[in-house]
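Accompanying notes for the structure given below.
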2 protein chains.
Amino acid sequence: MPVAQSRRSGAPGIADVAKLAGVSVTTVSRVLNAPEQVSERRRAGVLAAIDELGYRPNGAARALASGRQRMVGVLTGNTTRYGFSTTIHGIEEAARRRNMLVTITVVESDDPAHIRSAVDLVLGQPLSGVVGLEFDRMVSLALAQLPASMPAVAASLTGTNSSGLPRVYIDDELGARLATLHLLDQGHATVHHLAADYPTPSGSGRTYGYLRALAERGVRVPDVVPTGWDPLEARSAALEFLGDDVTALFCFNDDIAMGAISALRQQGRRVPEDVSVVGFDDMPLSTVWAPALTSVRMDFQRLGRTTFDLLCSQLDGTGRTGAAEAGGAPVLAKELPPSLIVRDSTAPPAALR
Amino acid sequence: MPVAQSRRSGAPGIADVAKLAGVSVTTVSRVLNAPEQVSERRRAGVLAAIDELGYRPNGAARALASGRQRMVGVLTGNTTRYGFSTTIHGIEEAARRRNMLVTITVVESDDPAHIRSAVDLVLGQPLSGVVGLEFDRMVSLALAQLPASMPAVAASLTGTNSSGLPRVYIDDELGARLATLHLLDQGHATVHHLAADYPTPSGSGRTYGYLRALAERGVRVPDVVPTGWDPLEARSAALEFLGDDVTALFCFNDDIAMGAISALRQQGRRVPEDVSVVGFDDMPLSTVWAPALTSVRMDFQRLGRTTFDLLCSQLDGTGRTGAAEAGGAPVLAKELPPSLIVRDSTAPPAALR
DNA sequence: CTGAAAGCGCTTACAG
DNA sequence: CTGAAAGCGCTTACAG
């Protein structure tokens, strides 16, 4: 026989469970939160009542009464592109292990209205903290608007991100240097570059690493070729702007490299015989691409996991030790290394063979 | 001068705002929820106080007091693969437009413990409803465990998903038929098939649509070749199982098609001259692949958006009308069409040219 | 080990 | 248009 349920929602409440089990509300709450403090006999009775009623604690009430939340907010500029979705996956995975839930908020653009509405959305929920995917400026701006009382960390692609939050990062600039130097070391006179999102700051790491490597070696610096994120846009940009003098090409990411190779093929140029190409991110498809793509591997999943763990250590209070001790360096930063994976899309220039 | 703040969290509460503005808590609440009911003079004062204190309403308290939530839960088996991440993107976008937040819960496997913990995680949060990505069995199982009191809808790839929830779907089986018939129409004696996740039920739609098309035409039915989701696994499976007799190949998705083409190329077989290949999903990369991939376009983003809208109509009560009237057909279902995009990876068999 | 009671920070009839 | 007060469903000292 179902017991009468008193709550407006129709769902059973903790009081219904208590009544059915013949104990106080306090005891039911203890069974839920600290079962070891309840005698085995009552515990069993309460559990049976919970089962019978199909009782589920109300999350909002729990959060309000305890002040603790089991949810973290992710602030990001995108959810589908490889680096983004993989980092989010890492965060989600780490959260799941700790029995926490992840909520996604997309910052549409760096328009102040969008920044504001994203921040409002995040702060309107009961969150224990937020992790920002600080891969572009709009997320930096949003993170900067969070109140200091909200624990926050960033996953980033640079050691010096502008939000100033504790962070974990994979150094884009280093990856770009590795890629560019690899091509120069093979004997190419210089390296061209297809850049997404340039000259906005978000493209800076990869593009600057490339420029710096050229400068170091004292070789000629070609104009950077701008493109969008879509492989088709990259193909168009390559068709339009890549001259016959190009023998080595460093691309902003693998999607763009694949678009560029498609353009070169269309022009009858072979990779790597006529032009060497390096991608970035090392997506799973880069191995089966023809030719197998030389790329910079970025462990985004680990980036996500590690950043989430950093947030947790902040929440536990553990994380602040370093900052307190450091004095001049008030912020934690942990670096994860990028690595160059050499495959078949790069070779010495024809002139040297 | 900052006003003393009474709450344990340190953040200002609605009472602090009321005191500073010289009004009642009720009025502050009205300014937040129904500003038109407050005189302009007081409204301005309250807004100024909110601004000065940097006041943010507590989401948990709001949810508890009002019984309304601004968050929907997404239950999914995966967050990174193309169809999944694109559908989630559509959901997120639609939610953002309505000022709602999305929370992601991954069901790890169909292990009852995983199902149970995913459901617990979802129900432990204050949600207004859930949308399940019912692309595989584990999500079906999880959805089935939600209490009837929790509004829920499904995005699906079949018109008859097992959860029985209201749903929006793109018919996988129809897409697979289109792909298979296209190859047969070009004159191939039969079509081979590389299937992920087969013979589990989740692979059913695409694989069954393929099998049905062969049966319809009365052609020989080759053994289905099983593979994993990764392009490299697909390449291995193709290398191992695809005999010399294959002239047409229908692949479970584009990743797998690309892996298979990589294998064919390695064996010295040309696409489409020696073997025609069709993919599924029509990822952005399929256009720049060599050769440009014939594929089945699935509008996952729209699937996500539409499913979210369906949930909203359920929440508004609008959605139930149809069910009530239908009697025998108690569930809403809306279909979105797949479409075949013919590119350069398919052609008539060599024998016919 | 157990329970009565206060309180978390809001919203919402109700009365004016 | 405005406010005093009850209540949302839990947790947590506090007392025993």
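Naming convention: chains lettered A, B, ... in sequence-line order (proteins, then strands); numbering from 1 in each chain. Note that this is a predicted model, so its numbers are computed, not measured.
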Review point. How far does OG1 of B:Thr76 sit from CG of B:Asp136, to the nearest 0.5 angstrom?
Key: 7.0 Å
Revision key, fill the gap. Note: for B:Thr26 and A:Ala60 on DNA chain D, the residue whose nearest nucleotide lies more 5' is B:Thr26
Review point. Whole-Å distance between D:dC8 P and B:Gln69 CD?
Key: 15 Å
Exercise for review: Nearest-nucleotide wise, let me know which of A:Val25 and B:Val25 is further upstream toward the 5' end of DNA chain C.
Suggested key: A:Val25
Practice item. Round to the nearest Å and state the distance from B:Ile50 atom CD1 to C:dC10 atom C1'. Key: 13 Å
Point to revise | Spacing of the P atoms in C:dA6 and C:dT2 (rounded, Å) | key: 23 Å
Check your understanding: Distance-only, no hydrogens or angles: does the B:Thr307 side chain make a donor-acceptor pair with backbone N or O of B:Leu303 under 3.5 Å?
Key -> yes
Review point. Can you tell me how far P of D:dT12 sits from CG of A:Leu32, to the nearest Å?
Key: 12 Å
Review point. OP1 or OP2 of C:dT11 less than 4.0 angstrom from a side-chain nitrogen or oxygen of B:Asn33, does that happen here?
Key: yes
Point to revise | Under 3.5 Å donor-acceptor, A:Arg43 side chain and A:Val38 backbone | key: yes
Practice item. Select one nucleotide: of C:dG3, C:dG9, D:dC10, the one nearest the side-chain heavy atoms of A:Val23. Key: C:dG3
Practice item. To the nearest Å, give me how far apart CG (B:Asn58) and C1' (C:dT11) are. Key: 13 Å
**Study point:** Spacing of A:Ile14 atom CD1 relative to C:dG3 atom C1', expressed in whole Å
**Key:** 13 Å
Check your understanding: Taking atom P in both C:dG9 and C:dA13, what distance in whole Å separates the two?
Key -> 23 Å
Exercise for review: Spell out, as yes or no, whether a donor-acceptor pair under 3.5 Å connects the side chain of B:Arg167 to the backbone of B:Leu165.
Suggested key: yes
Check your understanding: Tell me, which of residues 37-47 of chain A have any heavy atom that sits under 4.0 Å from an atom in DNA chain C?
Key -> A:Gln37, A:Val38, A:Ser39, A:Arg42
Check your understanding: B:Ser109 and B:His114: side-chain donor and acceptor closer than 3.5 Å?
Key -> yes
Check your understanding: With no hydrogens and no angle check, do the side chains of B:Thr26 and B:Ser29 hold a donor and an acceptor under 3.5 Å apart?
Key -> no
Check your understanding: How close or far is atom P of C:dC1 from atom CD of A:Glu36, stated in whole angstroms?
Key -> 9 Å
Practice item. Report yes if the side chains of A:Val72 and A:Phe308 come closer than 4.5 Å at any heavy-atom pair, otherwise no. Key: yes
Review point. From the list C:dG9, D:dG3, D:dT12, which nucleotide is the closest neighbour of the side chain of A:Arg68?
Key: D:dT12
Check your understanding: At what distance, to the nearest 0.5 angstrom, does CD of B:Gln301 lie from CZ of B:Arg305?
Key -> 5.5 Å
Check your understanding: Based on Watson-Crick and G-U pairs with both distances under 3.5 Å, what dot-bracket line describes DNA chain C 5' to 3', crossing pairs as [ ] and inter-strand pairs as |?
Key -> |||.||||||||.|||
Review point. What's the closest nucleotide to the B:Ser66 side chain, out of C:dC10, C:dG7, C:dT12?
Key: C:dT12
**Study point:** Gap separating the OG1 atom of B:Thr79 from the CZ atom of B:Phe84, nearest 0.5 angstrom
**Key:** 9.5 Å
Check your understanding: Counting side-chain heavy atoms from CB outward, which of C:dC10, D:dA13, D:dT11 is closest to B:Arg62?
Key -> C:dC10
Check your understanding: To the side chain of A:Arg30, which of C:dG3, C:dT12, C:dG9 is closest?
Key -> C:dG3
Review point. Which whole-number value in Å describes the distance from B:Leu64 CG to D:dT11 C1'?
Key: 12 Å
Review point. Touch check for B:Ser29, heavy atoms < 4.0 angstrom, all strands: base, sugar-phosphate only, or nothing?
Key: base
**Study point:** Expected output: side-chain B:Asp16 to main-chain B:Gly13 donor-acceptor under 3.5 Å
**Key:** yes
